[in-house]
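Scroll down for the structure; my scribbles are underneath it.
Along the sequence shown, the residues carry numbers beginning at 1. Computed from a predicted model, the values in this text were never measured in an experiment.
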Amino acid sequence: MSERVQKVLAARGLGSRREIEGWIERGEVQVNNRTVKLGDQVDEHDVIRVRGRIVRRPEHPHRWLVYHKPVGEICSRSDPEGRRPVFASLPRLKGQRWVAVGRLDLNTSGLLLFTTDGELANRLMHPSMALEREYAVRVLGEVPPATQDMLREGVELEDGAARFDSLEEQGGEGANHWFHVVVSEGRNRLVRRLWDAVGVTVSRLIRVRYGPVVLGHGLKTGAVRDLETREVAGLYEAADLPVPDSVPTRGRGGPRRDPRGKPRDKRPGKTESVGKAAPAGKARTSRAAREDGWSSSPPKKPGKSSSPAGRGGSRGAKPAGGRPGGRSGGGGKPGGSRQR
């Protein structure tokens, strides 16, 4: 069966559909020694070359990761200014390439999805999918109800009107106030620009959910983990794609790994299982809880601020855990994580 060449290359994990379309436009892709154009079809018998090198069929099953991005890293493979790229923290691959699902700017932390399946990445980012992205946001000062309503109803930006699909207060003390917001599009710096348009300053921004995948409270800043089977299946369902045969029919997607791809330290007290909630009424006070920036401590007194990450404030899956930051009200130094 014939398929468009950019779709075939993306499915083989060479890059996102958008990247590959750029290669084609620059004349870097040949099929049977003929330079192709966007939309040209190929079949399984054709020989595809990218910059003169033959593209072979994938020999390894696809992989899917969540990375807890810290502030200060860029979502590019290299940077003239010497800033650390997020790809430097990922396990190394042989014969495959990590493709990022969306981006986070330099000063934003939180959930980043990576996969070797370029077609899946393309579908998850495509505007027609309208996948929800959920953020925990700390802002400076009070936000009147009228301003919140404006953000829900729509604000005119330089590239068109935009709004939050959901916006809920999550507490705070003093000058800091936490909100959970949801958007269904991936325009550049959209969350920050919406708050800026109504005169509110964002002091901290954390992505806690992308589609069906939740950051959770167990993944420390700068760490990665393989997605569980149910999470992988949820992504393919959200992208309206069939689940690959290489995805296990049951069980977890694999152990959490450190940036070098080695199993994480299993010593007691050093880590907790991802997504496992703390017992009711007990605060997570371990070093891991402070460093990953999530806590499940209940408010000490009625009427005190509630945790910004404790309630999803959105449709669909909600993040497990409590407030971003290691101290109540979001006014202290974040629990060991750098922020954007």
Side-chain angles (χ1 to χ4, degrees), residues 3-25 28-29 38 48 50 55 57-69 73-78 85-105 108 110-134 183-188 190 207-215 224-247 253-254 257 316-317:
E3 291 185 298
R4 286 176 294 174
V5 63
Q6 59 263 41
K7 182 176 180 180
V8 171
L9 293 177
R12 295 186 185 183
L14 269 73
S16 69
R17 185 91 66 86
R18 184 177 301 175
E19 286 179 296
I20 294 167
E21 288 173 352
W23 303 345
I24 294 172
E25 290 174 344
E28 298 174 354
V29 180
L38 285 175
I48 307 173
V50 176
V55 177
R57 292 182 176 276
E59 299 176 358
H60 308 281
H62 286 306
R63 289 185 63 184
W64 310 266
L65 290 180
V66 166
Y67 175 51
H68 191 162
K69 175 193 175 295
E73 292 187 354
I74 62 168
C75 293
S76 299
R77 295 187 181 274
S78 61
V86 293
F87 294 94
S89 299
L90 306 183
R92 294 185 179 181
L93 297 172
K94 183 177 181 180
Q96 293 177 299
R97 187 169 182 260
W98 289 118
V99 180
V101 179
R103 302 168 68 91
L104 292 175
D105 68 35
T108 297
L111 184 153
L112 263 180
L113 290 174
F114 291 90
T115 179
T116 58
D117 187 342
E119 178 63 15
L120 173 66
N122 179 73
R123 295 290 289 270
L124 293 174
M125 292 184 285
H126 200 278
S128 65
M129 294 293 103
L131 258 66
E132 291 183 343
R133 290 89 156 162
E134 184 171 351
V183 293
S184 298
E185 54 178 315
R187 272 191 270 174
N188 186 41
L190 180 61
R207 183 154 69 193
V208 296
R209 180 168 64 89
Y210 194 110
V213 178
V214 175
L215 180 63
V224 299
R225 69 172 175 89
D226 289 289
L227 292 189
E228 297 182 9
T229 296
R230 60 178 177 79
E231 294 175 306
V232 175
L235 286 177
Y236 280 92
E237 180 180 357
D240 197 21
L241 290 171
V243 179
D245 295 337
S246 60
V247 178
R257 300 176 181 271

*To the nearest 0.5 Å, what is the distance between CZ (F114) and OH (Y67)?*
8.0 Å
*Closest contact, heavy atoms only, M129 versus A238*: SD-O, 3.6 Å
*If every non-hydrogen atom of T116 is compared with every non-hydrogen atom of P61, which pair is closest and at what distance?*
OG1-O, 4.5 Å
_Min side-chain heavy-atom separation M125-Y210 under 4.5 Å_ = yes
*Apply side-chain contact (heavy atoms from CB on, under 4.5 Å) to the pair L113 and L65, showing each step before the final yes or no.*
CA-CA 6 Å; L113 290 174; L65 290 180; over 6 Å; no
*Quick check: are there more than 12 heavy atoms from other residues, nucleotides or ligands sitting under 6.0 Å from CD of E237?*
no
_To the nearest 0.5 Å, what is the distance between NZ on K69 and CG on L215?_
12.5 Å
*What is the minimum heavy-atom distance between S76 and R103, and which atoms define it?*
OG-NH2, 3.4 Å
*Which pair of heavy atoms, one from L235 and one from L124, lies closest together, and at what distance?*
O-CD2, 3.7 Å
*Determine whether P91 and R63 make a side-chain contact, defined as any pair of heavy atoms from C-beta on separated by less than 4.5 Å.*
yes
*First locate atom CD of E28, then atom CD1 of I20, and finally report the distance between them rounded to the nearest 0.5 Å.*
11.5 Å
*About how many Å separate CD of Q6 and CD of E19, when rounded to the nearest 0.5 Å?*
13.5 Å
_Going by side-chain contact (heavy atoms from CB on, under 4.5 Å), R133 matches just one of V183, V208, L190. Which one?_
V183
*Heavy-atom closest contact (R207 atom, V101 atom, distance)*: NH2-O, 4.1 Å
*Heavy-atom pair of closest approach, residues E73 and S89*: OE2-OG, 3.7 Å
*Heavy-atom side-chain proximity of V224 to V66 below 4.5 angstrom*: no
*Any side-chain heavy atom of W64 within less than 4.5 Å of one from V213?*
no
*Quick one: does Q96's side chain have a donor or acceptor within less than 3.5 Å of a partner on T115's backbone?*
no
*Taking the side chain from R209 and the backbone from G211, do they hold a donor-acceptor pair closer than 3.5 Å?*
yes
*Spatial distance of atom CG (L120) from atom CG (L241) [nearest 0.5 Å]*: 6.0 Å
